[in-house]
There are 4 protein chains.
Amino acid sequence: MKQLAQLIEEGRITDPQSARGRLLAKAAHLFKEKGYERTTVRDLAASVGIQSGSIFHHFRSKEDILFAVMEETILYITAKMREALEQAPTPRDRLLALLRCELESVLGGTGEAMTVLVYEWRSLSEPRQDEILKLRDQYEGLWLDTLSEARDAGLVKGDVAVLRRFLTGALSWTITWYKPEGSMTVEELAQQALYLVVKE
Amino acid sequence: MKQLAQLIEEGRITDPQSARGRLLAKAAHLFKEKGYERTTVRDLAASVGIQSGSIFHHFRSKEDILFAVMEETILYITAKMREALEQAPTPRDRLLALLRCELESVLGGTGEAMTVLVYEWRSLSEPRQDEILKLRDQYEGLWLDTLSEARDAGLVKGDVAVLRRFLTGALSWTITWYKPEGSMTVEELAQQALYLVVKE
Amino acid sequence: MKQLAQLIEEGRITDPQSARGRLLAKAAHLFKEKGYERTTVRDLAASVGIQSGSIFHHFRSKEDILFAVMEETILYITAKMREALEQAPTPRDRLLALLRCELESVLGGTGEAMTVLVYEWRSLSEPRQDEILKLRDQYEGLWLDTLSEARDAGLVKGDVAVLRRFLTGALSWTITWYKPEGSMTVEELAQQALYLVVKE
Amino acid sequence: MKQLAQLIEEGRITDPQSARGRLLAKAAHLFKEKGYERTTVRDLAASVGIQSGSIFHHFRSKEDILFAVMEETILYITAKMREALEQAPTPRDRLLALLRCELESVLGGTGEAMTVLVYEWRSLSEPRQDEILKLRDQYEGLWLDTLSEARDAGLVKGDVAVLRRFLTGALSWTITWYKPEGSMTVEELAQQALYLVVKE
DNA sequence: TATGAATGAGAGTTCATTCAT
DNA sequence: TATGAATGAACTCTCATTCAT
């Protein structure tokens, strides 16, 4: 419930209004649009209206910016998922909640950062990758718990690990084709995904 | 049947034994492993045992190499899909054939090039993207035709365009987690994917 | 006698207890250890526990700090030499007094600043170099007078200007190898230097 | 005798006519004149008439240039000292030979590089310092052997290690004041240094 | 065709200095 | 006085590309 508020208070998620927060949002956008390597520090600085040298008052290196984008995103979505799970009463509700939540993350405000998380993985140094992996494991734990519960309730069949992986690909790929201005809402998309998973 | 042989004969797909062919294979590997931007022309040259300047006797620019990897890959997999479809008698067989064929492409010999096709898209200039998109449309046409046929036969339900897109993500994502040395074969993976799609 | 006290009173040598004085001492240390160019204003500020911007309330520029270190050092050692000379009755005593005094300067509390004076000379702008050179001439005058007197007394032979220059190099170089915790005292070192110079 | 020729043949000392050799000579000059830190890679490139990027075809980094200057210099002077020692029949001759040889090194063609060796020591990374130190030990070994022999022959008195250190400083310092166009030749300077050392 | 030295634009980063608070 | 975010020029280094050999 208070998970998200707590993260912000602890400073683990930067206030989006702050200079640092605005830079991270712009960085997610540019990294997604042009790729991390093709985005220059000068691009980043210009996007928030400062000089290139000033970037280094907020981050020690360009890679630190990439890391911060990834880390804050995964912390954020994990907290949102926990909140969503708490408010869903049945296994089916919880499954739908996760689908909706992940789609909202991919397609909504944090969508660009989520895409960066997937596409710019190799640009992160190994030690940094390990740090993110730890956070990712917590997030994936929520999914596996919920899918296992759904399988026990007879909602889904087959190997839940494989199922989750199919879902990861299918849902993250939506960023490449889903258009919010089209005829389908995110809620409907989540329903379509539920149909894919649930055998009744 | 003779589609692939024809492409090679026409020179649209390079002989993998030739100097150019070996360079393309190594390029796919390096682009996948390190990313296009982080792979230098020197890396590419060294991987086939020549000097960096000599690369430009085979390709006009680094981007040309990326384009060639992508173009040849999509030509190759389209030809393979056509061959597979011709040998499958029923709608269900044809659906399974496509799943198997796409998974084999992603996870087999051309897997690295397929990954490059997905992950390095933004490194291609727009005119080049358009060229690849035309080829991709042909490939996707095969999928949509087959899925439509399956829907008419009552095999699958829902919007086939959405279904294909869910599948694109789910199958291409396998490259990140599937281990050939594990307990599951690619054939079994294709079966699992079929279960996901087909409602009986 | 009262030379040193007078300089402090006049404000030409900064009170080492003051903020400015502590900064100069730390600066001498850092400049010696890392070199002037490699020492950042941030390093200097951090060494006295203030922020980098605050440095410029005490000094107009980084070069001013270097200049102050050099100027105060040469003023200080000149004053000490004058005092030492006044208390030495014979030419031989006076020669030993200078040797002892210069060695104490190089190896003692002002040693780091003396090293900076030698090693960071080129980092000073030409007008500033000229200012220091004037002070240096006064200092060297004391040496030449004393050596000339020693030569007239038959203590030393040869060209006193050349002799002084040999000595300058020999004594300043001690900073690189002399260890106070070793078996030789500075007094003994001064004696060794005297043996080098005096032919009896 | 053939020591120097051998070093050149082995490629441990670069041919001064080659691009690399000319760069090293210019680097020694600039490093001495402006200091290593204040000399930019662009300065170095311009001094031999190439573009800044081209420097990195010859050296991997700016520090590599500094290292090469130091290493080649100490190899060169060690070889020259060995040759000079072989041709000197008596202990006194050998002592004079070393004095002359070191002065020629400091004041002659390699003088700038020798100065760099002394003044830019801190700009070298520690592993590189260790490499140079090993070479320096060989060089200093020649001095200590010759001084010990001279002491056994009654030519010099006192601690030869301290004596060598006084000499190091005195001789290297000549670079700051000796003018070849003045009235004193290097040979006479070597004689003056011998008078300083030898007690007859 | 192959080489490899050279190019030169542009990358990430540093840092003395300024200035509103 | 002190702060610390911001500046902006300059730094070392990278790299796709060219070209004389």
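What you see is a predicted model; the values in this text were computed from it and never measured. The sequence lines fix the lettering, A, B, ..., with proteins before strands; numbering per chain opens at 1.
Among residues two or more places apart in sequence or in another chain, the side chain to side chain donor-acceptor pair (under 3.5 Å) test is passed with D:S125 by D:E63. For A:R122, the side chain to side chain donor-acceptor pair (under 3.5 Å) criterion is met by B:E120, not counting sequence neighbours. Considering only residues two or more places apart in sequence or on other chains, C:Q17 meets the side-chain contact (heavy atoms from CB on, under 4.5 Å) condition with C:D15.
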Which nucleotides of DNA chain E pair, in dot-bracket form (Watson-Crick or G-U under 3.5 Å, | meaning another strand)
.||||||||||||||||||||
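Ion pairing between a basic and an acidic side chain is recognised when a charged N comes within 4.0 Å of a carboxylate O; D:R38 and D:D43 show no such pairing.
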Going through the distances and angles, do A:I65 and A:H58 end up as a side chain to side chain contact (heavy atoms under 4.5 Å, CB included)?
CA-CA 9 Å; A:I65 302 177; A:H58 302 285; over 6 Å; no
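When every heavy atom of B:S61 is checked against every heavy atom of B:F56, the shortest pair comes out as CA-CE2, 4.0 Å. The two residues A:M70 and A:I132 come nearest to each other via the heavy atoms CB-CD1, 3.8 Å.
For the pair A:L66/A:W121, no side-chain contact is recorded, criterion being any heavy-atom separation below 4.5 Å from C-beta on.
For B:K62 and B:Y36, the positive end sits near the middle of the six-membered ring, less than 6.0 Å away and at most 45° from its axis.
A 4.0 Å heavy-atom criterion places the boundary nucleotides of DNA chain E facing chain B at E:dA2 to E:dG4, written 5' to 3'.
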Which nucleotides of nucleotides 7-14 of chain F have their base under 4.0 Å from a protein heavy atom (B), which only their sugar-phosphate (S), and which neither (-), written as one string 5' to 3'?
BB-BSBBB
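The one candidate from A:K26, A:H29, A:K32 that meets the side chain to side chain donor-acceptor pair (under 3.5 Å) condition with A:E112 is A:H29.
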